[in-house]
Amino acid sequence: MAELPKNYDPKSVESRLYKRWEDAGYFHEDPDPSRPPFIICMPPPNVTARAHLGHGSTYTPMDVLTRYHRMLGENADWLPGTDHAAIATEAVLVRELAAKGESRESLGREKYLEVAWKWSAQTGGAIFEQFRQLGFGPDWQRARFTMDEQLSSAVRKVFVALYRDGLIYRGKRLVNWDPKAHTTVSDAEVDHEDRDGTLWRIRYPLTTLDEFPAVFPAIAALPGIEVATTRPETMLGDTAIAVHPDDKRYHDLIGKFVLVPPLLQRKISIIADESVDPEFGTGAVKVTPAHDATDYEIGQRHKLPMPSVLDLNARITGAEIAVGRYEGMTREEGRKAIIAALRAQGLLLEEKPYRYAIAISERTGEVIEPLLSLQWFVNMKPLAEPALQAYRDGRVRFVPERYGRTFEQWLENIRDWNISRQIWWGHQLPVWYAPDGSLVVAETEEEARKLGGDQLTRDPDTLDTWFSSGLWPFSVLGWPEKTPELAHWYPSQVLLTGWEIIFLWVARMVMLGLRFTGQVPFKDVFVAPLIFDAKGRKMSKSLGNAIDPLTMIEQYGADAFRMGMLRQLRLESQEVRFNEKRCEEARNFNNKIWNALRYILALSETLPPAMQLPSPEKLTLADKWILTRLHRTAADVSAALDRYDFGIAADAIWSFVWYEFCDWYLEATKDLGARETRVAVLSFVLNHAMRLLHPIEPFISEEVWLTLPHDGDTIVTASWPDLAEIPVDAQSASIFEALRKKVEQIRNLRAELSLPPRERLTVKVPSNVPPDAASLLATLAAADVVAVPPQGGSISEGIAAAEAQAPTTILRARYKKEEARLRSEIERSGRKLADERFVANAKPEVVAKEREKLAVYQRELERIVNMLAQIGDVG
RNA sequence: GGGCGAUUAGCUCAGCUGGUAGAGCGCUUGCUUUACACGCAAGAUGUCGGCGGUUCGAGCCCGUCAUCGCCCACCA
């Protein structure tokens, strides 16, 4: 074998191994009823997306779990896909078209969609390429796209079924209009942001007139009612002034009329409504039902007219009510002009700075305009009820648990879901209109014609992206066809996701899954923490603090990035302050593994042909210790992965490899007594360790595993370490631990003596310590051993009693210090045991443990006092 | 306005069902020890946010306050 380079070089390994894995089809699985199913449906990234750290924190765990379950022998598949991302994609397309002087409309729908398909086919693959670099191993052959024909037909089927069941309806409701994306968005896609604004106090003059003169000469002098508002531009559409029914200030005014400024061509009445807070502002509120959610509700309660004054471009429109010269102005222009007019009329009484929550479109950042519009909705309550049941009886479980309560509360207060979007890229509504205005809902145009004749026009709207992603866990498996995939893999065991899409996505999958398959689509929902920068700020392009995972890979390798990321995940935390240093450390860790491999390969003995342990009686103390530790580590890693505790799993394998295997076991094999067994045990342990590491660091584990004795062609499909095959010897392990402590003590003494490395100390070892242990002690502590009479009962105590020779002044100081420490421990422990309440109330095993500790301290103290006496306790 | 989370060594964080406070980084000292300086060895560092309670015993349980963060919500 050619000599390995001193440093591990991920670049020369990763792409080569990945290609081999993918070409060999190791990630592909067909449903196999003879093995337990395991599947993760990849949350489909947007076709527009590029890999970012969020993918590192949520998708890496998916890869880890899939690889782990595959190694456990399960029929494990990670099913990838992409989302057509209606609004996001359309925004990009429209921008690109505009750059070429074109628009949606100039192309026409058909041509536009052609362009869109081409674009998505070209860009859609980009993130998958990045996933390959990250070492992710989904079943690429099964990749799906939310607009694939089969998935689209599932969408139509669900729409029609919900419509026929009365759960989808069309109605004129107040919706969230995004004037930039030129579409409605659902409540879940609206953010609230505190912004600085202005609160204006405006007087609406009282009137008894029925007809209005063109000019009111002394309008400012008229008595009126004062209201506070942040949105004066909507006053053109006011249809009432509301006060609280118990507000004495306004009792006499209820039922009276006021003029609507600044046009003063219309009068509206003063009404009483419980929703008004008398404490806020003036205690009177203007009611604009078409442009505010609260006002809309008031409007419904009082059967007020609901004229819209803002159109789909958020410009003032006179289509439904007179708006005078404000027609055509933008929201901002209208506001300015109206304020100016009010000021001129003397009706603007006050303007003061005011900070308040404003609705923002999550997707475009545009200020949402509440509009009254004819749209399609899903009636959510009947869908939410079964989902709540499923959560409450434990059919769906959240990790961490607390997110479940959030889920529950959202479902309890669920509101109807606006699903129609005024964009073209997406699933067009399976809805047609006949010339007489009646509508037909059908899965295909053919069927629609059968029901509604030949003169149909299709509704131009498309569905909310989340409508199709809500079907993802079963549509990707072939639903509504009864495929073997669906039969075997549905429902899945776990969904891994970020917490920001629990409502947008997770809740809807649960509801739709229950509705259409009768089962919750996944049993566990693992919620990954959000990733922040080192200062706790959100990572964003504009802040310039975003870390690109591909840069991390470039610098440290994909394995190191994965390990660095996973080690920062903690089960209960809701955020991770990503620390790049962790990736660097992980690179160093990989180098450590690499050099352990080099050490093994450089030993004079040749590697055994197969992975096999020497017979038990041949194993050395160190062998038995490291095997015992390996056993423990395998159990810990498995347990951590089983509970989705990726950080602990990563830490467990990390500290085993570095701090136990490399720091101690590998050093122990340098003792002459280890010659006979060391190659076999070293390769056995490292082979196992690489399998434990493989889900986390797929590349280096494969590279090392292939170099050592192994069974099979690839670690990808190798079996997970079987605890039954790793022998445990607790007694030998504890002797080794005693030896380790003694070695540390002696090294400490060496440092204190400033002993040059080559100079050896002499250590007096009681003869009840077996020669192999004594020899190991000598090797690890760089000391010479001389035998002295037996001491202490057990081997461990004999080891503890071993003493290095050193100048008496130094020894005396050390013994004194040790004596003081022991006396204080004995004092503490003795006091505790003397306390009757402790002995009476504490658990018996705790008391017994305390007694045992006290006894050990006392024996040790006795020995130290003895030593002091021997060397002459002069102080 | 409701709900949730965090507060432990200079920094980032572990601490299982309460039983003598841990890791890594950083820092100090010494090392070309025949795998690794992306390394090895040794060392220093804490009124576990404040107060009160439960308990024989609290970083851990309960209450309360403070600070920071997140989510939900129609206060114009």
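Note on naming: letters A, B, ... go to the chains in the order of the sequence lines (proteins, then strands), and numbering restarts at 1 for each one.
Residue contacts for A:W658: at a heavy-atom cut-off of 4.0 Å it reaches the sugar-phosphate backbone alone, with no base atom in range. Backbone-only engagement by A:K581 is indicated by non-hydrogen atom pairs under 4.0 Å involving sugar-phosphate atoms exclusively.
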- [ ] Using Watson-Crick or G-U wobble pairs with both distances under 3.5 Å, give me RNA chain B in dot-bracket, 5' to 3', with [ ] for crossers and | for pairs to another strand.
- [x] (((((((..((((.....[..)))).(((((.......))))).....(((((..]....))))))))))))....
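For the contact set between residues 662-669 of chain A and RNA chain B, defined by any heavy atom under 4.0 Å, the members are A:C662, A:D663, A:L666, A:E667. In the region residues 840-849 of chain A, proximity to RNA chain B at under 4.0 angstrom, judged on heavy atoms, holds for A:N841, A:A842, A:K843, A:V846. Across residues 272-283 of chain A, A:V276, A:D277, A:F280, A:G283 each have a non-hydrogen atom less than 4.0 Å from an atom of RNA chain B (numbered order).
Separation of the P atoms belonging to B:C72 and B:G63 is 26 Å when rounded to the nearest angstrom. Across B:A23 and B:U67, the matching C1' atoms stand 27 Å from one another, rounded to whole Å. Taking the P atom of each, B:U8 and B:C61 are spaced 16 Å apart, rounded to whole Å.
In terms of heavy-atom proximity, A:A357 sits nearest to A:H192 at CB-CB, 4.5 Å.
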Within the sub-3.5 Å range, which N or O atoms of nucleotides 71-73 of chain B have a protein N or O partner, and how far apart are they?
none

At a cut-off of 3.5 Å, list every protein nitrogen or oxygen paired with a nitrogen or oxygen from nucleotides 5-15 of chain B, distance to 0.1 Å.
none

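With RNA chain B read from its 5' end, the first of the two nearest nucleotides for A:I600 and A:E825 is the one closest to A:E825.
Taking 3.5 Å as the limit, the base of B:C38 and the side chain of A:R587 contain a donor-acceptor pair of atoms between them. The base of B:C36 lies outside donor-acceptor range of the side chain of A:K6, with no N or O pair under 3.5 Å.
Closest to the side chain of A:Y857, from the set B:G3, B:U20, B:C25, is B:U20.
Dashed line: the shortest gap from a side-chain N or O of A:K853 to OP1 or OP2 of B:U20 is under 4.0 Å. The phosphate of B:G39 has OP1 or OP2 within less than 4.0 Å of a side-chain N or O from A:N588. Residue A:N748 places at least one side-chain N or O under 4.0 Å from the OP1 or OP2 atom of B:G43.
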